[in-house]
Amino acid sequence: MELPKTFDAKEAQTKWLAHWNEKNYFRSEPDDREPYTIVIPPPNVTGALHMGHALNNTLQDVLIRWRRMQGRNALWMPGTDHAGIATQAVVERLIFQSEKKTRHDLGREELVKRIWEWKDKYEARIVEQLKQLGCSCDWERIRFTLDDQCAKAVRETFFNMFRDGYIYRGKRLVNWDPHLQTSVADDETYTEDTKGGFWTFKYEVIDEARPSRREKQYIQFSTTRPETMFGDTALCVHPSDERYQALIGKHVLQPLVNRKIPIIADGLLADPELGTGCVKVTPAHDPNDYTCWQRNPSIGIINILNPDGTINSEGGAYQGQDRFKAREAVVKAMEELGLYEGKEDRVIPLKYSDRSKSPIEPYLSAQWFVRMNGGGGKAEGGGRKAEGEEAGLAQMAIEAVLSDRVKFFPERYKNAYLDWLGEKRDWCISRQLWWGHRIPVWTRKCTDDEDYQWQITTWKQTRNHWIGECDIIPDAENLTIHVCILNDNSHSIPDLEGDAYFRSDEVLDTWFSSALWPYSTLGWPEKTPELDYYYPTSTLCTSRDIITLWVARMVLTGLYNVGEIPFHEVYVHPKMLDGFGETMSKSKGNGIDPLDIIELYGTDALRYAMVNLATETQDSRLPVVNVCPHCSAQVPVKQEHMYMRTKKLACPACKKEFRPGGPWPIDDTALPTAKQGSDKFELGRNFANKIWNATRFILMNLEGYTPGEIDIETLAIEDRWIVSRLATTANRVTEKLEGYHFAEVAKLIYDFVWNEFCDWYIEMSKSRRSDPVCQRVLVGVLDGILRLIHPIMPFVSESLWHALGEVAPERGLPFPAAAEESCCIAKWPHYSDVLIDVGTETGIARMQELVRGIREIRNRYSIDKEPLDVMVRCSASVADDLAALSPFIVSLGQLKSLECGPTVLKPKQAATLVNPEFEAYVALAGLIDPAVEAKRLEKQIEQMRKTHDSTNAKLANESFTSKAPPEVVQQQRDLVSDLAQQMKVLQANLAELLS
RNA sequence: GGGCGUUUAGCUCAGUUGGCUAGAGUACUACAUUGACAUUGUAGGGGUCACUGGUUCAAAUCCAGUAACGCCCACCA
């Protein structure tokens with residue numbers, strides 16, 4: 001049997017993807033085994049997967065494949081996220097580009113239809129990419145956060161929270177676009193430095209004790225937005241600002257609307273260093289003032305704007321004026337009143353709407369919230385409550401982590417989670433969008449109080465009987481009634497609408513449905529066998545920037561809805577940065593397309609690189625080069641190529657032009673685009689090829705292979721060694737996986753395969769080609785390697801698994817067994833500690849040191865091939881060990897002769913190798929230049945002396961010998977005596993050279 | 001401004017509870033070449049562990065401070 005000379009990644013990917021699919025290996029259904037479950041962080045359907053996804057999903061697949069091999073019933077639940085604003089914005093932009101139509105031109109139904117079409121296309125693309133990555137998801141279970149089942153879960157959650165009083169109607173400042181008359185999400189806005197002003201005015205202080213006092217007292221304050229003055233409900237100073245101590249608690253007169261407003265102290269709002277140190281408070285039109293009002297609710301809050309950006313009736317005479325016109329008018333009026341103190345020009349960061357490019361107004365608007373703090377307070381008996389729910393939803397989620405029921409890896413990320421939840425800020429769940437779960441609330445604006453009362457009575461008495469489960473939130477202030485019904489049915493909606501209850505236009509925050517993901521995907525609210533079996537899931541694997549938005553909310557809703565945490569462990573992986581230490585993003589144009597990498601290096605190489613850079617503490621940089629599409633030369637990427645500023649580059653090698661690689665929005669037909677590459681991926685590709693060729697070699701030398709038990713007692717030392725190293729490695733790999741130390745897993749396997757198995761064991765096996773024991777060991781170790789490598793590099797391992805299976809279907813250490821039909825379902829290796837033998841490992845290490853020393857001397861004297869004579873002076877027991885390995889030392893060191901023992905004669909001209917356990921003399925008659933060799937020896941001795949003397953000095957220090965642990969002191973003593981011994985040998989040799 | 005990180009070889013990164021002469025990969029240099037693998041092999045050079053103090057017999061490692069960088073959150077009337 002002979003394999004091709006190199007591993008063909010593309011061929012293997014095509015072949016095994018189809019094969020695995022056909023065999024249905026990744027299907028999981030509840031059974032008697034212990035489950036291992038991961039729900040995928042659903043990628044947004046906004047576009048293609050990027051390297052962050054490649055990292056995230058590779059790590060999940062490693063965990064899933066590993067656990068599957070361990071015999072767990074492994075389910076990786078796949079799916080995608082509708083991603084509200086992000087998706088809607090992308091589709092809207094595209095429609096506008098191609099058809100010059102806005103969403104208002106299309107209408108809600110048409111836009112949503114278009115987005116669904118978009119979703120179908122991109123979901124398919126994402127699934128295809130995940131498959132290309134080798135992800136072993138149970139694809140039959142794929143879900144979407146906006147599908148019917150998720151909608152059901154959303155509806156159930158919303159209804160329950162509504163009924164339990166966790167959902168309430170509240171006011172909140174939103175970004176209002178007066179031009180489009182809609183609110184916009186934060187990420188739909190951009191901030192631009194804009195010329196503005198910094199005006200200083202004064203208000204008159206009302207002296208209540210002596211109202212007739214002649215001399216009026218004023219207080220100055222500054223603002224960038226004079227027109228909001230009608231909405232001022234306070235002035236604010238810093239509590240420790242000495243200038244204003246006497247004024248705190250007094251009132252001033254707002255002259256334009258003749259309102260008396262207080263002077264308050266708030267250290268969070270007022271900055272004594274800025275302007276006059278006094279600031280006006282306009283809660284309805286400024287986010288900071290708004291939070292100030294929340295801290296000081298007594299000051300009140302007044303909205304002065306109409307939805308179109310004109311001043312409303314609160315502005316008195318200014319009603320109807322546009323806000324910018326009003327600004328000038330206000331300044332003029334204040335000036336006329338003698339209350340204007342001056343203006344300086346200032347550049348102000350101003351928020352604009354992405355869509356209309358017009359300035360955003362912070363605008364007070366009614367929204368739906370989920371209460372985070374305290375019980376809902378509405379559930380009377382009957383309502384099912386999770387344990388600890390009285391303390392509030394946030395508190396439940398906090399305690400789940402504090403009690404270690406949910407564990408974070410690395411642990412430090414639990415701070416981010418706890419800090420954020422600790423603020424217990426209510427969660428605004430309504431969004432003024434069209435793409436998402438529509439809020440299941442119908443609202444009636446009642447005509448008068450009588451109507452309002454009648455409606456409430458009706459609800460209580462009759463309507464809820466035939467509409468099904470429903471609940472209401474009455475709003476007496478606005479004579480409004482909100483109804484939430486659990487299930488739409490044939491008569492409920494017409495009935496409601498016939499009675500002038502109209503459904504909310506708004507949709508839910510996209511995180512509301514994501515928050516239910518771990519159990520909505522398993523069928524909740526139905527009591528499915530899946531929910532019972534797989535929930536709580538095992539591991540959540542995510543990136544740190546959504547610990548708050550997503551992880552915290554999953555824990556919270558999981559406890560509320562299911563009464564149980566959603567996952568036991570949260571693994572937070574590092575971020576991938578570009579070569580300059582910046583996060584990769586589309587707008588910067590510094591992203592890398594995983595499909596480029598797969599194309600150039602293969603999936604296994606990509607996966608290896610991802611695992612290898614998933615270190616414990618650090619984010620990882622990934623410097624890339626452009627691979628010239630003409631000649632494949634590697635052209636480094638420079639920072640100025642980012643933001644897609646560089647449209648073309650000339651290849652320094654072939655002088656032809658190309659476009660730099662990256663996430664370009666459109667294809668350029670005129671100029672070929674470079675693919676991007678990196679040596680990080682070469683490492684993985686080379687490694688896959690190394691394993692391929694090691695297998696290739698083994699398969700070529702298996703003539704006459706018979707399976708059989710390995711008796712470790714009678715094994716040759718090198719066999720004993722590699723078996724011991726395999727057992728050690730496998731057991732450590734398992735440990736590292738359990739702790740999510742992915743990079744160390746990659747390294748352990750790489751080192752074992754390359755530096756031990758290939759570099760040494762296979763080399764040693766070459767002189768024993770037809771030895772059945774050696775064949776069994778080779779096959780057995782290779783078998784273990786393929787299993788170990790499979791979670792990281794599934795394709796190459798599967799290819800080799802099948803190739804090996806043809807020749808050696810029965811194999812194993814120490815007992816042979818029939819190999820499984822696929823590496824996917826092969827048993828994860830675990831070797832008994834009996835196989836580990838430290839003594840043998842040190843014996844081989846000594847041999848390796850000797851061989852390396854001989855090679856070094858060969859190199860130093862440029863002796864290519866000529867066989868050498870080597871004499872090793874050592875103790876009798878070391879001599880025995882070396883004798884057992886002497887054929888290998890002779891062949892690996894290309895020796896003519898090797899003599900070991902306590903009393904060997906050293907030759908006159910020899911290069912010396914020293915070691916605590918032996919001295920080796922490599923006979924080099926006539927080849928040594930005594931002067932050069934002497935110089936080298938002197939240098940070596942000098943270095944030894946330095947260490948020797950400093951260590952000796954340390955030992956002479958009594959505090960060291962008394963305070964340091966005895967084993968450390970002993971180590972140092974041994975070091976000194978070893979060095980002394982070795983220096984003696986070298987000096988003797990030096991003397992002989994010079995004589 | 002608050003929080004969390006990072007700073008070790010030209011580059012990308014390891015370095016467990018402080019303890020042998022600080023490691024790997026890559027790049028570089030020299031040599032090798034038909035027998036598993038040039039996606040290779042053998043060897044070599046390359047480090048004031050960001051800086052300053054402190055604790056300790058002993059600091060890359062622990063503590064404090066400084067500087068630079070990154071991320072998250074808040075904010076600039």
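Lettering follows sequence order; numbering is per chain, from 1. This one's a predicted model, so the numbers in the text were calculated from it and none came from an experiment.
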message: Using a strict heavy-atom distance below 4.0 Å, which residues from residues 738-750 of chain A are in contact with RNA chain B?
response: A:K747
task: Ignoring backbone atoms, test whether A:T615 places a side-chain nitrogen or oxygen under 4.0 Å from the OP1 or OP2 oxygen of B:rC13.
output: no
- prompt: From B:rA43, B:rA36, B:rC37, pick the nucleotide closest to the side chain of A:N859?
  reply: B:rA43
message: Quick check for you: among B:rA36, B:rG25, B:rU39, whose closest atom lies nearest to any side-chain atom of A:R769?
response: B:rA36
Rounded C1' spacing from B:rG44 to B:rG5 in Å: 37 Å
- prompt: Taking atom P in both B:rU16 and B:rG35, what distance in whole Å separates the two?
  reply: 44 Å
- prompt: Does any N or O donor sit under 3.5 Å from an N or O acceptor when you compare the side chain of A:E2 with the base of B:rA36?
  reply: no
- prompt: Using the C1' atom in both, what is the distance from B:rA67 to B:rA14, to the nearest Å?
  reply: 25 Å
- prompt: With respect to the phosphate group of B:rC71, does any side-chain polar atom (N or O) of A:T583 fall under 4.0 Å of OP1 or OP2?
  reply: yes
- prompt: Heavy atom of residues 222-230 of chain A under 4.0 Å from RNA chain B: which residues?
  reply: A:S222, A:T223, A:T224, A:R225
- prompt: Does a donor on one side chain and an acceptor on the other come within less than 3.5 Å for A:D232 and A:Y203?
  reply: yes
field: Residue A:R855, side-chain heavy atoms: nucleotide from B:rA43, B:rC13, B:rC37 that is nearest
entry: B:rA43
- prompt: If we take the P atom in both B:rU26 and B:rG65, what is their distance in whole Å?
  reply: 41 Å
message: What I want to find out is whether A:E856 reaches A:R860 closely enough, with some N-O distance under 4.0 Å, to be called a salt bridge.
response: yes
query: Does any donor-acceptor pair link the side chain of A:K690 with the base of B:rC37 at a separation under 3.5 Å?
result: yes
